[in-house]
Each structure stands twice: as C-alpha cells, then as structure tokens.
Amino acid sequence: MSQNNFENTINPLKFSSLNTSKAKPAIAFDKIDQNEFLTTLKEAVVIAKANIEKIRQDQSPATFANTIMALESASEDVDFVSGIFFNQLSANTNEFLQALAKEFAPILSEFASDVSLDQKIFARVQAVHKNYFVTEKNNHEALTTPLNGQPPLNNEKLKILEKYYIDFVRNGALLDEGKKNQLRQIDVELSKLGPQFSENVLKATNEFQMVLTDEKELDGLPPSAREAAAQAAKEKNLTGWLFTLHAPSYLPFMTYSTNRAAREKLWRAFGSRAFNDKFDNQETLKKIVQLRHERAQLLGYKTHAHFTLERRMAETPEKVFQFLDQMKAPAVKKGKKDMDEVQAFAREMGLTTALMPWDFAFYSEKLKENLFKFSSEDLRPYFQLEKVIDGVFEHARRLYGLEFKKASGMYPVYHPDVQAFEVYDQHDKSFVGLFYADFFPRESKTGGAWMTNYLEQGLFKGDVRRPHVAIVCNFTKPTATQPSLLTHDEVLTLFHEFGHALHSLLSKVEHRTLSGTNVYWDFVELPSQVMENWAYEKESLDLFAHHYQTGETIPKELAQKVKDSAIFLSGYMAVRQLTFGYLDMAWHSTDPAKIKDVASFEEEYTRELRVLPKIEGTNSSCSFSHIFAGGYSAGYYSYKWAEVLDADTFDLFSQKGLFDKDSAMSFKENILSKGGTDHPMALYKKFRGREPDPTALLRREGLI
C-alpha cells in the first residue's frame with residue numbers, strides 16, 4: 001500500500017484522503033467525533049484480539065516473522081486510536097474526555113494484560129528468543145549463529161526480539177496464574193489513577209483566580225503582563241485584571257510585581273494545588289505508590305525503582321543515588337551562596353524579613369538586572385514567536401538539512417491555535433514528516449510543555465511510515481496591541497521540545513517500537529537539552545532575535561549578557577532539580593508501608609536540599625505530574641543525567657563550530673536517526689568516540 005493512498009481501516013478516526021500532490025495523508029481531526037472514541041477503541045481491540053488469536057493458533061514453528069513481526073502489527077489500530085485520545089486528553093481536553101479516560105484506560109490495560117500474560121503467546125516469543133540469545137545464569141547476549149537453522153537477524157531485529165522477550169517477562173509472563181491475576185488487577189487500577197491525578201492538578205490549576213481592580217496593585221508589572229491580564233479578565237467577563245496559575249500569567253507576576261501580599265497569595269495557591277483542597281491528590285498518590293510497589297514485588301523486585309531502573313542507563317537505585325550524591329555537595333554549596341546573595345540584595349532593597357519563597361523570583365530578577373544590567377523584559381521584543389519558530393527551523397536546516405514548509409489550510413488541526421508544517425530533506429527533497437505546533441495556554445490544555453507523536457516513524461499498515469510529530473507549549477499569547485513575545489526561558493523551552501521533535505523526525509528505523517524517542521528514559525533528554533545550548537550563542541540568536549518593531553538584530557552587548565547570565569543562580573537551579581530527583585527516588589524506593597503522611601515524607605527527603613523556608617500548607621508531590629501521571633517515575637534524575645551528556649556533546653560543537661557539518665552529521669547518524677536500536681552508551685561512544693565526561697556539566701554550571 002503506497003504512502004499516497006493509505007488510510008487507516010478504523011472509522012471515524014481515520015487518516016483523511018489527502019492523496020493529492022499538495023498534501024500527505026494526515027489525521028482527520030475535523031472528522032473525529034469524540035462520542036465515538038470508546039466505540040472505536042472497542043472495535044480496534046476486537047481486531048487486535050483476532051490478530052493475536054491467529055498468532056496463538058499458528059501450528060508452525062515460531063519464527064521472528066510469524067511471531068515478533070506479527071505481534072508488532074497486531075495492535076496497530078489500538079495504538080493509533082489510543083494515541084490520538086490521550087494526546088487530546090492532554091492538549092485539548094474537556095469533561096467528557098476526562099470522564100471517558102476512566103473507561104478508556106482500563107480497556108487498554110486489560111488488553112495489554114491479555115497479551116502479556118498469555119502463556120501461548122509468550123511460549124512462541126520464548127521459542128524465538130531461545131534461537132538467538134543465551135539466557136542461562138543471568139547471561140543475556142546474542143548468539144553468533146542462530147539455532148535450529150533460523151536466519152540471521154540484523155542488530156535492530158535482535159534488539160526488538162530482546163525487547164519483546166524482556167517486556168513479556170517484566171509484565172508477568174513467568175508468574176503463576178494467581179499472581180498473573182493479581183498483576184492484571186494492579187495494572188487496571190493504575191491505569192485509572194494516573195489520569196485521575198492529572199485531572200486533579202489541571203482542575204486545581206484552573207480553579208484559582210486572582211482579580212485585581214486597583215491599578216496601583218499592578219505596580220512593577222511590565223505592560224505585556226498588564227495587557228494579558230486585562231484581556232484574560234475580559235474573556236471571563238470580569239472587571240479589572242485576572243491572574244491565574246498558568247505559567248504565562250503566574251511567572252511574570254511572581255517575577256515583577258511589587259505587591260508582596262499578592263505574590264504570597266499566588267505562590268501559596270500554586271504550591272498547594274491538589275493538596276488539602278477539593279481536588280486533593282494525597283490518597284491518589286499513596287495508592288499509586290502502593291500499587292507500583294506491589295507490582296514490583298510481585299515480579300521479584302525489591303521496589304518500583306529497582307524494577308524501572310533495570311531498563312535504564314543508570315541500572316540500579318544505588319547508582320542513581322550515587323549520581324545524585326555526586327552532584328549534591330557542589331550544588332548545595334553554590335545554592336546556599338546564591339541564596340545568600342539574593343537575601344543580601346533584598347535587604348539592600350529594603351526587605352526587613354527573611355527571604356520567603358514568594359520573594360525569590362522578584363529579588364533574584366532585580367539582582368540579575370543589577371549584575372548584568374538587563375532585565376528579562378528587555379529580551380522580549382527580540383523574541384517574537386513567529387521569528388523564533390523560523391529560527392529553530394533554520395537551526396534544523398543548517399545542522400541537519402531539514403526544510404519546514406508551512407501548510408496552513410492543507411491539513412486538519414485539532415484546535416485553531418495549532419499550525420501544521422511539512423518537513424523535507426533539503427538535499428534529496430524526500431518527505432521527512434508532518435510537524436504540528438500548539439503554543440498557547442487554554443483551560444483545555446495541561447500546563448507545561450511536551451513533544452508527542454500522532455504517528456511514530458516505522459512500520460504501520462505494511463509500510464515504513466514517516467512520523468507525525470507535535471510540540472505542545474504554554475507560551476505568552478499575543479494581545480490586541482502586540483504579537484506573542486517570548487521570555488528567554490520560553491525560547492529555551494521551544495528549543496528543548498524541538499530537540500525532542502527532531503529525534504522523532506530524523507528517525508530512520510524499521511520498527512516503531514524502537515523509533516525516535518523510544519530509547520532508555522535517561523537518554524531521551526539528550527537531543528532536547530543539547531538544543532538549548534544554541535539559544536545562548538550570538539551566532540544563533542542573530543538568526544531570529546530581531547526586534548519585532550524595528551527589525552534590529554539583538555545587540556552584541558545584550559546577547560553577551562544573556563550568555564554571561566546563563567549560570568546565574570546555577571546552584572539554586574541545580575538544587576531544585578536534584579530535590580525533585582531525590583523526591584522521586586524516595587517515593588519509589590521506599591516501602592509504602594512506612595509512609596504515613598505525604599507532607600512529612602516529602603519534608604524528610606527534601607530537608608537537606610532546602611535553601612528557602614518550608615511553608616506549611618504547600619506540597620510538591622501532589623502536583624508532581626511527571627512522576628505520578630507521566631512516564632518519569634524513578635526517572636526524574638534523567639534530566640540531570642542527560643545534562644551531563646548534553647554538556648559533553650555541546651563541548652564538541654563549541655570546539656568545532658556551532659554548525660559544524662561533520663559534528664552535526666555524526667550526531668544525526670549515530671544518535672537522532674538510531675532511536676533505541678542500540679544501547680545508548682554504544683550510540684554515544686560512536687558519536688563522541690568515548691564515554692561522556694561527567695565533569696563537563698559541573699564546569700559549565702560553574703559548580704567546580
């Protein structure tokens with residue numbers, strides 16, 4: 001079936017028939033009826049079960065083709081429908097979808113368990129695996145010559161065979177029937193709790209509103225923040241200025257408002273989301289932790305962290321704690337020094353009390369302005385969203401030979417804010433993939449920023465497909481008088497998520513299971529975090545940092561100040577990331593029976609890293625969606641782990657040139673295009689010629 005005439009067999013969630021010369025097949029967002037999501041999923045599961053049954057009933061000897069390849073394609077429709085559903089649940093949700101998630105997730109969990117716990121299916125996978133791998137005495141490596149006359153497999157096929165076998169074992173294939181049933185029940189319950197946790201955080205975020213009616217209460221706020229707040233109030237039919245817990249509203253207020261009482265009110269609301277309110281997540285959180293622990297022990301692991309880290313570069317909780325401890329001492333030392341400097345400066349400005357959490361952003365920004373003679377607001381005029389988008393596209397062109405073509409009106413989108421782009425290889429003009437960009441906050445969208453796939457690169461419906469990739473952010477919206485002007489932090493976020501997108505777009509593998517970002521979790525942040533480095537360099541900034549009114553390129557002095565300030569408060573920022581890393585590991589490496597109270601547990605494991613006073617009534621864990629509703633459980637350390645890789649990677653570009661073709665080609669060929677087809681360290685060594693230098697990050701952040 002050719003790329004131009006392929007359609008998904010499932011209706012109505014099908015690929016639209018855009019088989020003209022002007023458009024590629026794409027998801028028909030305009031034809032999706034949310035009322036049919038559940039019916040469509042059930043239809044897809046019926047088809048998948050029929051495919052699985054064919055594998056079960058196959059009487060011929062198990063081979064890679066009739067077992068592993070058959071399993072790869074068996075549930076394509078389920079993957080496709082559920083992928084669209086959960087992407088929409090995060091990016092364009094409503095009460096109907098939130099309620100539906102409570103039915104959707106258990107169906108998927110039951111189906112996954114039906115497959116992973118099926119003894120006949122596992123027996124066939126095990127038979128294929130025995131032909132290619134040695135597994136005795138904890139030894140697990142590929143045979144040089146396959147057994148039973150089986151044909152040799154290339155490295156990617158060996159990887160996917162290994163992955164299937166290990167995934168079956170890690171999902172209970174070796175358990176007896178009683179324990180399999182226990183595992184099935186746990187997985188169904190967990191499938192409900194994750195969406196519930198996320199829903200509670202979103203509702204708590206949307207619930208809070210702070211309306212100011214006296215213009216004097218806006219003192220210190222830049223015009224852009226005032227105008228955005230006035231527009232937000234108008235949209236809600238309110239009088240005055242509306243401030244919320246969404247980042248584009250929350251962050252400017254905390255950074256610039258001289259209204260300390262209002263800052264405190266806003267900070268306390270943000271810090272207590274889903275904690276001791278009507279959306280309280282404490283019991284949900286404890287259930288998630290308890291069930292993850294039970295699941296791990298059922299499978300023979302000491303804790304959920306031991307289970308998770310077995311398939312990570314770090315390998316064990318002990319190695320993660322060793323890594324965090326290695327970073328801890330220099331980070332805390334520098335973090336306390338940072339805090340002392342901010343406290344001293346705050347006193348100079350007239351603060352007579354101890355620095356509180358709601359003071360930190362305000363006074364640290366003032367200190368930064370004093371030290372570097374510029375404000376974050378001074379940068380906004382140079383970061384018009386449309387020009388920054390052109391800038392990241394130009395980086396992709398110079399580094400990897402990609403061309404992004406705007407395709408407005410050619411493709412259906414799921415919300416009017418979403419933009420669609422076609423991506424091509426500049427050299428051979430081949431089609432690389434579709435790229436969707438969704439930048440502005442709305443009540444139907446989860447906070448934060450992420451990259452996702454609507455179609456992963458690899459085999460789908462009989463052919464190797466190119467990916468359909470989206471990045472979803474919550475940036476400052478345009479107002480009636482000016483376009484969307486980003487902070488430098490928002491520019492970094494865009495570069496970060498774009499790095500993830502490149503990992504998917506440049507994937508060149510056969511199997512979707514191993515494509516793009518389907519790599520070890522503590523390796524997945526390398527392509528994203530390394531992209532942020534370019535956003536500090538004058539050579540890079542000149543490509544897009546042009547004043548939105550005059551067209552003037554960002555002045556050399558201002559660009560240098562941005563770079564000089566890159567390690568400003570690096571100790572505080574490192575402590576913040578390490579705090580989340582330790583907290584995550586604590587939740588997932590502790591026996592839940594010993595955890596009686598969410599707040600006291602969090603306090604116990606973050607006390608040594610605290611550089612600001614603890615405020616009663618606030619809690620991080622209850623809104624820590626990354627680990628309780630995302631994929632980062634026992635994995636939040638990955639951000640810091642990947643920073644070591646990205647610092648070492650960018651050292652090469654710093655030495656060879658920001659757009660050095662050889663370095664970029666090596667990164668593209670050895671990292672971005674390979675997905676999970678080899679161990680991350682093997683891929684990295686092919687790129688860099690050696691293992692990463694762990695001191696590169698400490699040097700970059702001024703911690704040593």
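Side-chain atoms of Thr513 and Glu72 include a donor-acceptor pair closer than 3.5 Å. For the 3.5 Å distance criterion, the side chains of His626 and Tyr639 qualify, holding a donor opposite an acceptor.
Classified by interplanar angle (parallel below 30°, tilted 30° to 60°, perpendicular above 60°), the ring pair Phe393/Phe421 is perpendicular. Below 30°, between 30° and 60°, or above 60°: for Phe435 and Phe498 the angle between ring planes is above 60°, a perpendicular geometry. The aromatic rings of His679 and Tyr520 stand perpendicular to each other, their planes meeting at an angle above 60°, with 30° marking the opposite boundary. Between Phe323 and Tyr637, the ring planes lie perpendicular to each other; the angle is over 60°, past the 30° to 60° tilted range.
Taking a cutoff of 4.0 Å between a charged side-chain nitrogen and a carboxylate oxygen, Arg397 and Glu403 do not qualify as a salt bridge. Using a cutoff of 4.0 Å between basic side-chain nitrogens and carboxylate oxygens, Asp417 and Lys477 are not scored as salt-bridged.
Residue Lys336 qualifies as open at atom NZ: its count of foreign heavy atoms under 6.0 Å is 12 or below.
Atom NE2 of His488 is separated from atom CZ of Phe383 by 5.0 Å, given to the nearest 0.5 angstrom. Rounding to the nearest 0.5 Å gives a distance of 7.0 Å between CD of Glu525 and OG of Ser638. Rounded to the nearest 0.5 Å, atoms NZ (Lys445) and CG (Asp438) are 3.5 Å apart. Rounded to the nearest 0.5 Å, atoms CG (Leu541) and CD1 (Ile554) are 5.5 Å apart. Separation of atoms CG (Leu494) and CZ (Phe475) is listed at 5.0 Å; rounding is to 0.5 Å. We find the OG-CD distance between Ser375 and Glu365 to be 5.0 Å, quoted to the nearest 0.5 Å.
A cation-pi geometry, defined here as NZ or CZ lying under 6.0 Å from the six-membered ring centre and within 45° of its normal, holds between Lys405 and Tyr424. For the pair Arg398 and Phe659, the distance from NZ or CZ to the six-membered ring centre is under 6.0 Å and the angle to the ring normal is within 45 degrees. Figure legend: Lys157 and Phe64 shown without cation-pi pairing, the cationic atom not lying both under 6.0 angstrom from the six-membered ring centre and within 45 degrees of its axis.
Asp390 places none of its side-chain heavy atoms less than 4.5 Å from the side chain of Phe544.
Residue Phe667 is tested with Phe687, Tyr684, Phe650 for a ring pair (Phe, Tyr, Trp, His ring centres under 6.0 Å); the sole match is Phe687. When each of Ser484, Ser224, Pro441, Cys473 is paired with Pro248, the side-chain contact (heavy atoms from CB on, under 4.5 Å) condition holds for Pro441 and for no other.
Asp584 places a side-chain N or O within 3.5 Å of a backbone atom of Gly635 that can act as its donor or acceptor partner.
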Open item on the list: Run the ring-ring contact (aromatic ring centres under 6.0 Å, His included) test on Tyr636 and Phe624 for me, step by step, so that the C-alpha distance in whole Å, both residues' side-chain angles and the decisive distance to 0.1 Å come before the verdict.
Closed with: CA-CA 10 Å; Tyr636 200 86; Phe624 202 169; 5.2 Å; yes

TODO: Show your reasoning for whether ring-ring contact (aromatic ring centres under 6.0 Å, His included) applies to Trp534 and Phe495.
DONE: CA-CA 8 Å; Trp534 274 269; Phe495 270 72; 8.3 Å; no

TODO: Run the numbers on Lys686 and Asp678 for salt bridge (charged side-chain N to carboxylate O under 4.0 Å, His left out), then give the verdict.
DONE: CA-CA 11 Å; Lys686 287 178 183 176; Asp678 207 342; 3.6 Å; yes

TODO: Go through the steps for Phe580 and Tyr632 under the test ring-ring contact (aromatic ring centres under 6.0 Å, His included), then give the verdict.
DONE: CA-CA 11 Å; Phe580 288 136; Tyr632 281 86; over 10 Å; no

Open item on the list: Run the ring-ring contact (aromatic ring centres under 6.0 Å, His included) test on His415 and Phe29 for me, step by step, so that the C-alpha distance in whole Å, both residues' side-chain angles and the decisive distance to 0.1 Å come before the verdict.
Closed with: CA-CA 9 Å; His415 189 277; Phe29 290 111; over 10 Å; no

Open item on the list: Between Lys656 and Asp662, is the salt bridge (charged side-chain N to carboxylate O under 4.0 Å, His left out) condition met? List the steps.
Closed with: CA-CA 9 Å; Lys656 301 285 188 179; Asp662 290 340; over 6 Å; no

TODO: Show your reasoning for whether salt bridge (charged side-chain N to carboxylate O under 4.0 Å, His left out) applies to Arg700 and Asp646.
DONE: CA-CA 11 Å; Arg700 185 179 73 183; Asp646 99 64; 2.6 Å; yes

